[in-house]
Q: 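This is the structure I want to talk about, given as structure tokens.
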Amino acid sequence: MEALRRRVLSCTDCELSRTRTHVVFGEGDPEADIVLVGEGPGEWEDRTGRPFVGRAGKLLDAVLREVGLKREELYITNIVKCRAATEVGGRLRNRPPRASEVKACRKWLEAQLGIIRPKVLVCIGGPAASLLLHKGFKMTEERGRWFTDTPYAPSAIAVLHPAYILRKEGEDFLRARELLVEDLTKVRRRLTEEL
Ligand code: SF4
């Protein structure tokens with residue numbers, strides 16, 4: 001994993017290398033049973049070189065703690081390793097990575113998953129699920145459902161992205177947060193069942 005990390009840190013295989021501050025390779029236990037995959041780094045991840053450290057990361061950490069999963073025992077990464085952003089009014093704003101950027105970067109994620117060979121793969125948000133589970137994944141219908149014998153793990157599931165949850169307010173926020181708690185509880189249980 002360390003050799004792979006060194007290669008990715010100097011990657012210039014797509015346009016995102018020109019605007020990144022740091023490559024966000026991913027972090028955690030390289031022998032983890034559970035791997036979480038998001039879409040791509042945001043502003044704070046780009047600044048620090050670490051995945052899920054902004055507001056969304058803090059919400060994810062809180063929910064992981066709540067369901068009894070320790071972040072250091074997992075592996076967390078993204079589909080693309082550099083921040084996708086567009087300049088608007090002199091400021092960089094996050095945007096979804098383009099298909100060409102995903103195509104250029106997915107080899108690194110696949111190499112990571114090949115090394116870790118997780119028992120459970122957790123896709124954080126629709127784009128990760130569409131890439132790793134099936135095209136056109138519908139979060140409203142398919143989140144929280146188990147997919148078995150995927151190319152990357154014997155069990156895989158998609159959960160709501162914490163950034164999506166943070167855009168909700170009041171009751172809607174609480175309901176969406178509860179769905180994340182529910183789905184990550186399923187993940188912890190799945191692991192216990194499998195051991
Ligand atoms: Fe390389 Fe991926 Fe960064 Fe593009 S996003 S430069 S492919 S590491």
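This one's a predicted model, so the numbers in the text were calculated from it and none came from an experiment. For ligands, and for the atoms within them, numbers begin at 1 and follow the listed sequence.
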Q: Take Leu92 and Asp46 through the test side-chain contact (heavy atoms from CB on, under 4.5 Å) and record every step on the way to the result.
A: CA-CA 11 Å; Leu92 285 178; Asp46 179 62; over 6 Å; no
Q: I need the nearest protein heavy-atom contact for atom 1 (Fe) of ligand 1: residue, atom name and distance, please.
A: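 The answer is Cys11 SG, 2.2 Å.
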Q: Taking only heavy atoms of Arg20 into account, list the atoms of ligand 1 that are under 4.0 Å away from them.
A: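 Heavy-atom distances to Arg20 below 4.0 Å select 3 (Fe), 6 (S).
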Q: Check if Lys107 has a non-hydrogen atom at a distance under 4.0 Å from any atom of ligand 1.
A: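 Per 4.0 Å heavy-atom rule, Lys107 does not contact ligand 1.
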Q: Students often mix this up, so state it plainly: with edges at 30° and 60°, are the rings of Phe147 and His134 parallel, tilted or perpendicular?
A: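 Correct class here is tilted.
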Q: Which atoms of ligand 1 have any heavy atom of Ser17 under 4.0 Å away?
A: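 Going through ligand 1 atom by atom, the ones under 4.0 Å from Ser17 are 6 (S).
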Q: Under 4.0 Å between a Lys/Arg side-chain N and an Asp/Glu carboxylate O for Arg5 and Glu2?
A: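 Between Glu2 and Arg5 there is a salt bridge, with a charged N closer than 4.0 Å to a carboxylate O.
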Q: I'd like to know if Glu43 pairs up with Arg47 as an ion pair, taking the criterion as any Lys NZ or Arg NE/NH1/NH2 lying under 4.0 Å from an Asp or Glu carboxylate oxygen.
A: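 Between Arg47 and Glu43 there is a salt bridge, with a charged N closer than 4.0 Å to a carboxylate O.
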Q: Could you pull out, from Pro97, Cys82, Cys105, Cys14, the option with a heavy atom nearest to atom 3 (Fe) of ligand 1?
A: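 It is Cys82 that holds the nearest heavy atom.
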Q: Can you spot which of Asp33, Val35, Ile115, Leu113 makes a side-chain contact (heavy atoms from CB on, under 4.5 Å) with Tyr75?
A: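 Among Asp33, Val35, Ile115, Leu113, the one that satisfies the side-chain contact (heavy atoms from CB on, under 4.5 Å) with Tyr75 is Val35.
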